[in-house]
Number of protein chains: 4
Amino acid sequence: MKRNKPKYKQIIDAAVIVIAENGYHQAQVSKIAKQAGVADGTIYLYFENKEDILISVFHEKMGYFVEKMKEVIAEKETAAEKLLVMIENHFKILSKDRNLAIVTQLELRQSNKELRMKINEVLKEYLHVMDDILHYGQERDEFLKDIDIRLARQMIFGTIDETVTTWVINEQKYDLVSLAPAVHKLLLRGCALR
Amino acid sequence: MKRNKPKYKQIIDAAVIVIAENGYHQAQVSKIAKQAGVADGTIYLYFENKEDILISVFHEKMGYFVEKMKEVIAEKETAAEKLLVMIENHFKILSKDRNLAIVTQLELRQSNKELRMKINEVLKEYLHVMDDILHYGQERDEFLKDIDIRLARQMIFGTIDETVTTWVINEQKYDLVSLAPAVHKLLLRGCALR
Amino acid sequence: MKRNKPKYKQIIDAAVIVIAENGYHQAQVSKIAKQAGVADGTIYLYFENKEDILISVFHEKMGYFVEKMKEVIAEKETAAEKLLVMIENHFKILSKDRNLAIVTQLELRQSNKELRMKINEVLKEYLHVMDDILHYGQERDEFLKDIDIRLARQMIFGTIDETVTTWVINEQKYDLVSLAPAVHKLLLRGCALR
Amino acid sequence: MKRNKPKYKQIIDAAVIVIAENGYHQAQVSKIAKQAGVADGTIYLYFENKEDILISVFHEKMGYFVEKMKEVIAEKETAAEKLLVMIENHFKILSKDRNLAIVTQLELRQSNKELRMKINEVLKEYLHVMDDILHYGQERDEFLKDIDIRLARQMIFGTIDETVTTWVINEQKYDLVSLAPAVHKLLLRGCALR
DNA sequence: GATGAATGAGACTTCATTCAT
DNA sequence: TATGAATGAAGTCTCATTCAT
């Protein structure tokens with residue numbers, strides 16, 4: 001399995017750095033190879049083509065993401081708490097790896113439709129985690145029964161994503177993680193007084 | 001003023017069609033010219049360069065967007081109603097012009113960072129409209145006083161945007177406009193029972 | 001005769017200014033038209049094509065050049081004196097019209113082979129003036145009988161031309177005309193002590 | 001060092017041939033690549049851009065030129081002899097490589113101002129060789145002490161250059177090298193009887 | 001005579017991918 | 001396994017010239 005060889009991860013990590021530093025359109029295969037300390041041709045021993053590198057970047061990082069999420073969520077009892085730790089950890093992981101944040105929020109979105117479709121496939125697993133929390137909340141009578149799960153998930157993901165993107169665009173100059181409680185509250189309670 | 005000449009709009013409209021049908025990276029100037037029924041060189045009598053076409057597409061369409069929004073919002077009394085018509089009209093406009101929806105939600109996001117920065121400039125005006133509604137709601141004691149306006153706006157925009165994008169990715173096969181009330185309710189009330 | 005209409009000269013003069021200020025390759029027909037205060041299309045009522053403008057520039061200016069030369073030369077008795085006033089006037093005319101100097105010494109030489117061949121045709125008349133002086137000098141026993149007229153003319157023209165070009169490249173920052181006597185002496189006496 | 005790899009010289013030589021045969025403005029990169037027997041892209045492994053090819057052509061050939069000159073000049077005792085062998089060799093080198101003659105005398109002069117400035121830098125070394133001979137001649141009391149070195153150099157270079165250009169324009173149909181003694185005599189003795 | 005909007009051909013350069021070593 | 005030199009397709013933009021008004 002190529003996935004487990006050292007050069008595989010070496011190239012993935014090089015890709016994140018090169019894309020973050022140079023932007024998606026300036027991340028040539030030769031630059032990634034140089035950053036990874038291998039020859040251009042070596043890339044093709046581990047990846048089908050350039051697109052495969054980018055998908056693998058997302059796959060690899062998102063895999064860790066979802067795994068981590070499931071872990072922290074399982075430790076909490078209520079749906080509200082689960083949602084909070086999910087938001088917190090989403091913010092934490094991207095705060096810790098600024099390059100990854102730039103790559104996922106800005107650069108990878110410049111890829112073509114086809115690549116983005118494949119990225120969305122990977123994303124789905126994360127979206128399912130959100131759906132699970134929502135169902136769980138409804139079952140426990142924490143969340144409204146009549147909300148449309150898909151819409152609620154779009155609200156949650158859209159809000160989190162927009163928040164992170166705004167933070168990245170503003171060059172990460174404020175603390176993202178500390179926004180988690182307010183975002184959490186907003187998602188739970190909405191804007192209205194009631 | 002070139003902006004008012006018929007060929008200007010002709011080219012803008014051609015660009016939307018070509019980008020929607022072929023994707024951002026396959027929208028060559030020659031294709032746009034052909035679609036617009038003009039010579040390649042004519043494009044450059046009306047636009048500085050290819051990027052200028054794309055910015056102008058966004059500018060032109062978003063200009064209409066914001067104008068329309070301000071109009072329908074002004075007609076409503078409460079902040080809640082204003083928010084509802086904003087969501088409705090956002091969905092309506094993109095539902096009516098499916099090509100535009102594809103272009104704004106998927107294709108234009110593939111542009112490089114520089115172009116996206118310029119697009120963001122245009123977007124800001126729309127975001128201000130959202131801020132205005134939020135402030136207005138707080139003044140009228142419709143909305144919670146302690147919510148962070150920026151976060152709330154990110155929730156609103158993020159949710160709307162994510163909803164439209166999901167709809168476009170699913171090839172627009174369900175009715176977007178009819179989702180407006182549910183999205184509106186979610187944004188106002190959140191997920192929780194309270 | 002178009003040559004005598006005011007717009008003809010207007011365009012010629014505009015061409016000299018535009019070429020001097022922008023360089024040969026940046027002297028577009030539209031710029032010349034603008035400088036001349038006419039529409040692009042009007043150019044083509046007076047000139048066949050762009051090349052025709054450039055040849056005409058040279059023709060028109062060189063016509064004056066040769067005329068002036070013949071005039072001042074006729075006033076002198078000896079071949080040596082004739083040569084001196086020729087050099088002096090060559091330097092004077094180009095010193096007075098700095099734009100023309102730039103155009104003839106630097107810019108017009110960037111034209112293609114074909115155009116330069118045509119320019120050379122125009123130049124020939126000037127070269128004949130030099131030949132005439134040389135023959136006259138040999139007849140009067142002022143000049144060596146055994147020199148090859150063509151080579152001598154190449155020396156005279158080459159030296160004058162190289163001197164003017166060096167002066168233009170050095171941004172005309174010293175007085176060209178005052179070099180005339182030294183150049184004259186060099187051409188007459190050569191470098192050697194004898 | 002790319003300069004020493006075989007393809008580097010291969011491309012330089014191809015450029016000389018293509019420019020001589022097609023003219024400066026018709027010397028497309030693709031033609032040069034074809035003539036050199038490499039792919040278009042290969043050109044860019046050895047040269048920054050098209051201009052770089054042209055500068056390199058001049059640099060490479062002129063380097064040989066100056067080297068050769070210094071060599072033959074060193075072998076002669078008197079300034080007059082040095083001048084003679086310089087003229088002879090200038091004529092010889094260009095006579096032997098007719099394509100190079102066309103390129104240096106006609107085609108490369110069509111380049112833009114910027115490129116010509118860079119070419120002039122390379123030329124300066126050759127002009128210094130002339131200056132050295134002139135100084136040497138003055139020290140040895142072979143040449144007049146009161147001549148202006150720069151003017152004299154302009155005479156020498158202007159004459160040689162004009163002679164070669166005339167020969168190239170006349171399609172090289174007479175023997176250039178045999179003109180060397182007469183040119184030499186002219187430069188030394190001038191036109192006058194004394 | 002005068003205008004100026006429209007035309008459309010043409011070339012430099014990049015970079016993902018290959019393959020002989 | 002690993003290398004890296006070589007490949008070659010493909011697109012933006014300029015500008016001389018035309019011609020309907």
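Within the 4.0 angstrom heavy-atom criterion, no nucleotide atom of any strand lies near K31(D).
Nearest-nucleotide mapping onto DNA chain F: of A27(C) and G41(D), the residue sitting toward the 5' end is G41(D). Place N49(A) and N49(D) on DNA chain E by their nearest nucleotides, and N49(D) ends up nearer the 5' end.
Following rounding to the nearest Å, E48(A) (CD) and dT18(E) (P) show an atom-to-atom distance of 10 Å. Straight-line distance from the CG atom of D52(B) to the P atom of dT14(F): 12 Å, rounded to whole Å. Between L54(C) atom CG and dT17(F) atom P the separation is 10 Å, expressed in whole Å. Across the protein-nucleic acid pair, E51(A) atom CD and dA16(E) atom C1' stand 12 Å apart, rounded to whole Å. Distance Q28(B) CD to dC13(F) C1': 14 Å, rounded to the nearest Å. Put simply, CG on D40(A) is 9 Å from P on dA5(F), counting in whole angstrom units. Going from atom NE2 of H25(B) over to atom P of dA16(E) covers 13 Å, rounded to whole Å. Distance I43(C) CD1 to dT17(F) P: 11 Å, rounded to the nearest Å.
Atom CD1 of I17(A) is separated from atom CD1 of I12(A) by 12.0 Å, given to the nearest 0.5 angstrom. If you take CD on E21(B) and CG on N99(B), they are separated by 6.0 Å, rounding to the nearest 0.5 Å. Between the CD atom in Q110(B) and the CD atom in E107(B) there is a gap of 4.5 Å [rounded to 0.5 Å].
Contact check, K50(B) against dC13(F): no side-chain N or O comes under 4.0 Å of OP1 or OP2.
Under the Watson-Crick and G-U wobble criteria, each requiring two contacts below 3.5 Å, nucleotide dC19(E) is paired to dG4(F).
Of the candidate nucleotides dG8(F), dT17(F), dA6(E), dA6(E) has the atom nearest to the side chain of T42(B). Residue L45(A) has its side chain nearest to dA2(F) when only dA2(F), dA9(F), dA2(E) are considered. Of the candidate nucleotides dG8(F), dT17(F), dC12(E), dT17(F) has the atom lying nearest to any side-chain atom of Y44(C). The Q26(B) side chain lies nearest to dG11(F) when the options are dA2(E), dT14(E), dG11(F). Of the candidate nucleotides dT3(E), dA16(F), dG8(E), dT3(E) has the atom lying nearest to any side-chain atom of V38(C). Side-chain atoms of V29(B) lie closest to dT12(F) of the nucleotides dC15(F), dT12(F), dG4(F). The side chain of Y46(B) lies closest to dA5(E), out of dT13(E), dA2(E), dA5(E).
D52(C) approaches F47(C) most closely through the heavy-atom pair OD2-CA, 3.4 Å.
The environment of CD in Q28(B) is crowded: more than 12 heavy-atom neighbours from other residues, nucleotides or ligands sit within 6.0 Å.
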